[in-house]
Amino acid sequence: MKDRNSKADIYNAIYEIVRLCPKGRVTSYGAVAAAVGLKSGARLVGYAMSVCKDIKPKVPAHRVVNSHGLLSGKHHFATPETMQLLLQKEGIQVHDDKVVDFGRLFWDPIKELDV
DNA sequence: TACCTGACGGGCC
DNA sequence: GGGCCCGCCAGGT
């Protein structure tokens, strides 16, 4: 994942990594960004998520939260409660728009994918 | 072509 | 511990 990714390829890599995120786990924008080679490209990941609804297959963007474990992107879903609902449906406890035990449920793509 | 915005992160005060 | 500022890449106007 550290190849000279094209701008379009980076998006593909982002979606691929997010899809690799196991059910019941969550990851952060920065972690995914680092996984694709963008050390500080967390914003790009967020932007990619904004258009993920047009991407096929569907990307579990609800598993991606910010470094604080907050559901910062919940407002971009069909409804602000969709993101929290999906997480809770997968067994992830969400309280006050933030992931409970975020540090324990955090899934690091770089470590898991061993990049 | 240039400026601004955006689902963020890390460092500093 | 909390808040503020700067930096990052891409896309839209």
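Throughout, protein chains are lettered first and strands after them, A, B, ... in sequence-line order, and every chain is numbered starting at 1.
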> salt bridge (charged side-chain N to carboxylate O under 4.0 Å, His left out) with Glu90(A): which residues, sequence neighbours excluded?
Replying inline: Arg63(A)
> Does any pair with a residue in residues 84-106 of chain A pass ring-ring contact (aromatic ring centres under 6.0 Å, His included), and if so which ones, sequence neighbours excluded?
Replying inline: Phe102(A)-Phe106(A)
> Mind checking what makes side chain to side chain donor-acceptor pair (under 3.5 Å) contact with Asp101(A), not counting sequence neighbours?
Replying inline: Arg104(A)
Sequence neighbours excluded and cut-off under 3.5 Å, please list the side-chain donor-acceptor pairs for residues 28-51 of chain A, or say none.
unit_1	atom_1	unit_2	atom_2	d
Ser28(A)	OG	Ala31(A)	N	3.3
Tyr29(A)	OH	Val64(A)	O	3.3
Ser50(A)	OG	Tyr47(A)	O	2.3

>> Does anything in residues 17-36 of chain A form a salt bridge (charged side-chain N to carboxylate O under 4.0 Å, His left out)? List the pairs, not counting sequence neighbours.
In response: none
> Between dG6(B) atom C1' and Tyr11(A) atom OH, what is the distance in whole Å?
Replying inline: 11 Å
Under 3.5 Å, which donor-acceptor pairs link side chains of residues 76-85 of chain A to any protein atom two or more places apart or in another chain?
unit_1	atom_1	unit_2	atom_2	d
Thr79(A)	OG1	Thr82(A)	N	3.4
Thr79(A)	OG1	Thr82(A)	OG1	2.5
Thr82(A)	OG1	Thr79(A)	N	3.1
Thr82(A)	OG1	Thr79(A)	O	3.0

> Is there a side-chain contact between Thr27(A) and Ile17(A), using heavy atoms and a 4.5 Å cut-off?
Replying inline: no
>> Protein within reach of the bases, or only the backbone? For nucleotides 7-13 of chain B, mark each nucleotide 5' to 3' as B, S or -, using heavy atoms under 4.0 Å.
In response: BBS----
> Using a heavy-atom distance cut-off of less than 4.0 Å, which residues of residues 85-92 of chain A contact DNA chain B?
Replying inline: none
>> From CG of Leu44(A) over to P of dG7(C), roughly how many Å is that when rounded to an integer?
In response: 17 Å
> With sequence neighbours left out, what residues match Asp97(A) under salt bridge (charged side-chain N to carboxylate O under 4.0 Å, His left out)?
Replying inline: Lys74(A)
